[in-house]
Amino acid sequence: MRVELRSGAFQPWAELAEYERAAQLGTGVGATATFVGTMRDYNEGEPVLGMYLEHYPGMAERELSALVAAEVARFQLIDALVVHRVGALAPGDPIVLVAVWSGHRREGFEGCRAIMEALKARAPFWKRERTVGGERWVEKNTAGY
Amino acid sequence: MRVELRSGAFQPWAELAEYERAAQLGTGVGATATFVGTMRDYNEGEPVLGMYLEHYPGMAERELSALVAAEVARFQLIDALVVHRVGALAPGDPIVLVAVWSGHRREGFEGCRAIMEALKARAPFWKRERTVGGERWVEKNTAGY
Amino acid sequence: MTVEVKFFASLKERLGCDGAKVEIGEVATAADVWLQATGGKSLPSNVLVAINMEYTDAAQAVKDGDEVAFFPPVTGGRW
Amino acid sequence: MTVEVKFFASLKERLGCDGAKVEIGEVATAADVWLQATGGKSLPSNVLVAINMEYTDAAQAVKDGDEVAFFPPVTGGRW
């Protein structure tokens, strides 16, 4: 299991290839489910030029680790990986990668989604968008289910 | 959209990196959900040494294309990719990769899972497992929901 | 008329045959094609039928030149 | 006792302050710490509270040396 914050850009598929190479998860894995959240260039009809992702250092890592561990236990996952950007982002940048490895597809799909929803609800991140009209804090989350 | 059968081993993360590079999906993508089904080395408590995946040439491609197009329309996906092995496989080999790109995470998660379930229910593939006790056709699917 | 018959997977093994060209009268269903191709064996209830690579059922009429396939339940999702 | 106070995101901007060391009496809750740190401003109902990096509520007692954080609703999932 690994949870990591990144201040620079990352390439999700390269991260996954490297993580699997290092983790040697074995042939008990039947399913791998992943999710990548990417910075869009539009929000509520307005072009978004850039974004700054503030976080609570220490608590962000701690909360992510706790929520990932909880879903790993609940869905009996073999392993899980979360990589999350912080700081300044550009449109098209990956913001978050969630990957889970499991025996069967049901646990994989549901575990991956549960981690994303818990992350959204609990991890101390705050988004500030830059638009042509200026900068604004994003005040609410979108619905996930 | 691309649907492809492969008779040789493939590396899912390299496929995804290459597909995204070629497809130029743009910054309207907010979510990417993927699923990789891998050949396990155990099934119903017995070690599995190898597998042969028979398919109906022509109909397999046709059925996959139709079901992917239906879910792309239903979940308003931006794009989708399916790569599926046929022929002889070894434990640990990826069998199927499903990837979808969407504006928001709900459509991404649900679209990816819907394609997997439709694939399982409709695509003309048949698995023959080789165990120490000999070879056998897999006679039923596992539950997905 | 002539139709092309195909069998797959465990069905192909049980019948010892992966397919054949079958001559049959002008009015025939997929079930008639099965009987003709297998020498009168009864059609197992879980066998799936496709005509020209589209799922259908055994009562469907066939036309000259059709490809009629019979196969066991698909097993594409064992994860 | 002394506690370390932190503010984040829009709350930090509105208060014009990202945190402070606060001296407070021996029996105090997170809500008391807020009042002391903000010079008596009322605590907005949607503000989240964490003590030593764990979520809690404003009625929770604090101890000497605690880190007490106040922040707006998190927005980590905008996809």
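Just so it is clear, the model here is predicted, and its values are computed rather than measured. Note: hydrogens, waters and symmetry copies are ignored here, and every other heavy atom, side chains too, is used. Below, chain A is the first sequence line, B the second, and so on; all start at residue 1.
Taking 4.0 Å as the cut-off between side-chain N and carboxylate O, D:E4 and D:K6 do not count as a salt-bridged pair. Taking the charged nitrogens against the carboxylate oxygens, A:R113 and A:E110 have no contact shorter than 4.0 Å, which rules out a salt bridge.
For D:N52, the part sitting under 4.5 Å from any heavy atom of chain A is the backbone (N, CA, C, O) and nothing else. If you measure heavy-atom distances from D:A9 to chain A, the contacts under 4.5 Å come from both the backbone and the side chain. Using a 4.5 Å cut-off between heavy atoms, A:R136 does not touch chain D at all.
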| field | A:L16 vs A:L81, side chain to side chain contact (heavy atoms under 4.5 Å, CB included): CA-CA, chis, key distance, verdict | value | CA-CA 9 Å; A:L16 284 162; A:L81 168 68; 4.3 Å; yes

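Using a distance-only test at 3.5 Å, with no hydrogens or angles considered, no donor-acceptor pair links the side chain of A:W101 to the main chain of A:G28.
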